[in-house]
Amino acid sequence: MNNQANTLGPRRLKKTYLFSLFCLSTLLFPSAVVGVKREDFKTCEQSSFCKRNRDYADAAKTDSASSPYTLTTDTLNFKDGLLTGELLNTQNNVPFVFELNVLENSSARFRMNEKTPLKPRYDELKNYVITNPPVVDKDATFSVDQSSGVVTLRQPESDSTIVIQPSPFQVTFLSKGTPLVALNERGFLNFEHLREKPAPKLVKQEGENAEQETTEDKFEEVSWEEHWKGSTDSRPNGPSSIAMDITFPGFEHVYGIPEHASSLSLKTTRGGENAYTDPYRLYNLDVFEYELDNPMALYGSIPFMMAHGKDRTVGVFWMNAAETWIDIEKESKDKKTTTQTHWISESGVIDIFVFLGPTSSDIFGQFSSLTGQSALPQSFAIAYHQCRWNYLDDKDVASVAAGFDEHDIPVDVLWLDIEHTDGKKYFTWDETKFPDPVAMQNSLSVKGRKLVTIVDPHIKREDNYYIFEEAKKNDLFIKNSDGSDFDGWCWPGSSSWVDFTNPAAREWLIEQFGLDKYKHSTESLFTWNDMNEPSVFSGPEITMPKDAVHYGKWEHRDLHNYFGVLFHESTANGQIQRTEVPKRPFVLSRAFYAGTQRTSAIWTGDNFARWDHLEASVPMLLTIGISGIPFSGADVGGFFGNPEPELLVRWYQAGAFQPFFRAHAHIDTKRREPWLFGEPYTSQIKHAIRTRYSLLPLWYTLFHEASVSGTPVMRPMFVNYPKDEAVFDMDDQYMVGEALLVKPIVTPDTESTSVYFPGNSPWYNLFDYSLVHGGGFKTIDAKLDSIPVFIRGGAIIPKRERIRRSSSLMKWDPFTLVIALDEENSAQGELYLDDGESYDYQSGAYVHRKFTFTNGVLESLDVAKNRSKDAEHFIESIKTIRIERLVILGLAKVPKSATLVSSEQNKSLQIDCEQRGTNNNVCTVKDPGSRVGEDWKIELAY
Ligand code: NOJ
């Protein structure tokens, strides 16, 4: 361990200080260094376990090679859907145990560990990640073919089987005899057993009895201490990696494994067209000025991969939080392409979930029912957020808020970055700049607005700072291997990091958010958790040394990728527990892992004010969404640099159709609040933000759906059009739910764009309701004042068209329904509504309506489940909220009349139509008087 400032001599201290100053200056003044400092981060070649496993795979590919892992047949035991047994590595005679769980819900789990490890291997992750224990399929059957030893597990309810080949060991998951996923088909399974550190080498002698250096010796030499840019990873447990190949036979496209600035359909990494040379890396890192089109690790990691083909979607979750690399290769044979992947993690055990779909929605359900559903956000959280590093003082905050009012632009949240604190001591305020934080929060709150302050995980080592003193007194810090507190460098200078794997530390953090504990905090204050990879300026690869020690004596190496979740989850719990009646929290985190969706939103970190970064935000967010986190966004405008007005407008237009919508900018950039660029830009930005507000009912309904089913709100085209091969690698346009097709403009000087309209349905421009016929690419007008967004014919979208200063001020406003007819003159859609802040919806206090339009009749149906007394109370409270307008698109004929039919009355309604092209009469029914929480019908007559 080499980062112990308390044990450093003056020379080292000076060096550390200079290094930190350098880091700080490059972070503060990005123009000084342009582009990622690649040399700060390891390649696979420089990461010894990755290289070893790539070499192992190369050796396994040779014709004569055969995987040494063999099933010890007489050890098999099958009971209640669980198969257990032993494997032997016949090369070194190391025994392993494995479990294969046949699960309900078309899923299975494969686990493997050493039978008698020298010391326990890290296997705690499951306790954090899995929220709903998977249900074992007790009806599964077991059979062994006596001559070949092949084992078959069958699920009578579904069409799936699992076939285990004993030697070499291989597991194949099939449906109706077609293989869908195979483990160790290529023999890359490599489980490095723990071993004693070898004694120092004997001096070699010359002559006949000379000691021969074996391959094993060479292996031992490179597998213990590892050096990287002046730091040493002592690696006390020696080599401990685990690796396995996972093949997706017949699947050309795989997706997932965020976070990378890469395409939606993942690229190959070992040869092939346009391939990367390094594997995709999962290791939560603070990568300064990250590069695009690159498999380098970024801030978050989700080892989840989905494979999609015309007939099937499958998925795998490699549950491991250590540094992980994934190679991807493709093999084409008989006009079929198969994707082959190779997963390599530095430590822990093998624990893989296989999800057999069959559709992508099934996969989202299978994955989210395991790792937890996404939290339903408070409704303000999905509106617009205004951030910058930093709003200078309370006057600045007030004047920014006033600027929004003056320009009639809604905003729900203002944000304060690290400079609001007293010397980067989180939970404190700079009292000169913010003399009365409560008054500041209250003045935002009267307009329905909230404030977010930043709370990072590094804690300034300063006596008299109560947070430091409490954490120290309670012995909550991450340790060096000698037992002393780890001390590294971050924003405040010398800092320590609370060990959130310690339950006492999580409880302690929760307490810090108490309204009496966090001075000057109110219920309208929410939290931003940054730098939680964790970012350690003085650490190897700008993070925590792997041999730092956590609670239970586990190494940081074992759990690195999960650290950020433990922090943001406790932050969220702190907000939940700060009031007697809990309210839903809002936390934004930079680091993430599977499970983040249960409590937090995330953003894609420090992007650039460049067109290519705007473009990259789309595949990045699509990937994060299908990997389980629906609530994600990218800094609108770009963090580094100064966007030209055109780029800023385009970014707002894109951001308005991405789940988390926040503008943010680096401290060194020019001010860029929406009204600072003059016309036409101010109006164009205003239009984008107001459009977001008008569609909040749709977004909220989709977030509710995500919280129930795991289906992302921002969806790749292939999710909605699974049979259309033209969209399988499409990531420059996407769907918001099933209703809106969005094609953000990500290039300068653009007047038109080509949009792919799948299916044969008509599509309607969201803004002027003009009709576009589906069935392929169409050129669409896309001047700076327009946003290419289309409503799918067949969808009904709920809107609110009276835009106010913040979303909560729109809470009692009436709705508009836009009914976009398909070729059969029908449409359907949903509206989910609750109080937008409490947990009452969980006991039934919500409205969930389904709207259908068929044969000229629009009907509102109740699709709510778990009705209760609370529901009645809520419905009573929204009784007066009505539908104020229907807009029906695509009517071939103009109706003569419209009538509202409800339990109370039959009322004749005013209907006005206008023709927008052939077969597209756009008819408006004004004030139908129907209530949003009730059953009713509106009938058109011809
Ligand atoms: C890094 C974050 O990514 C950025 O958004 C933030 O402004 C700075 N840290 C300062 O807190």
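Atoms within a ligand are numbered from 1 in the order they appear, just like the ligands themselves. Not measured: the values here are computed from a predicted model. Any value given below was found using the heavy atoms of this structure, including those in side chains, with hydrogens, waters and symmetry copies removed.
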So the atoms of ligand 1 within less than 4.0 Å of a heavy atom of His664 turn out to be 4 (C), 5 (O), 6 (C), 7 (O)

Protein contact to atom 1 (C) of ligand 1 [nearest heavy atom, distance to 0.1 Å]: Asp530 OD2, 3.0 Å

For Asp606, take its heavy atoms, then give the atoms of ligand 1 lying under 4.0 Å from any of them. 1 (C), 2 (C), 3 (O), 4 (C), 5 (O)

Looking only at heavy atoms, is any part of Trp528 under 4.0 Å from ligand 1, and if so is it the side chain, the backbone, or both, or is it neither? side chain

Proximity to ligand 1 by part of Ile454, non-hydrogen separation under 4.0 Å: side chain

Within-cut-off N or O pair, Asp456 and ligand 1, under 3.5 Å: no

Assess Lys42 against Trp228: is NZ or CZ under 6.0 Å from the centre of the six-membered ring, and within 45 degrees of the ring's axis? yes

Quick check with a 6.0 Å cut-off and a 45 degree axis cone: is Lys546 positioned over the face of Tyr283's six-membered ring? yes

So the atoms of ligand 1 within less than 4.0 Å of a heavy atom of Arg590 turn out to be 1 (C), 2 (C), 3 (O)

What atoms in ligand 1 come closer than 4.0 Å to a heavy atom of Phe639? 4 (C), 5 (O), 7 (O)

Can you tell me which portion of Trp603 lies within the under-4.0 Å heavy-atom range of ligand 1? Options are side chain, backbone, both, or neither. side chain

Show me which atoms of ligand 1 lie under 4.0 Å from any heavy atom of Ile418. 10 (C), 11 (O)

Axial cation check for Tyr465 ring with Lys460, 6.0 Å and 45° limits: no

The ring-ring contact (aromatic ring centres under 6.0 Å, His included) partner of Phe477 among Phe486, Phe468, Trp497 is Phe468

Is the charged tip of Arg672 near the ring of Tyr652: under 6.0 Å from the six-membered ring centre and within 45° of its axis? no

Does Asp417, backbone or side chain, put an N or O under 3.5 Å from an N or O of ligand 1? yes

Trp415 six-ring face occupied by Arg388 cation (under 6.0 Å, within 45°): no

Decide whether a cation-pi geometry holds between Arg662 and Trp528; the criteria are a distance under 6.0 Å from NZ or CZ to the six-membered ring centre and an angle within 45° of the ring axis. yes

When you measure from the centre of the six-membered ring of Trp611, is the NZ or CZ of Arg650 under 6.0 Å away and within 45° of the axis? no

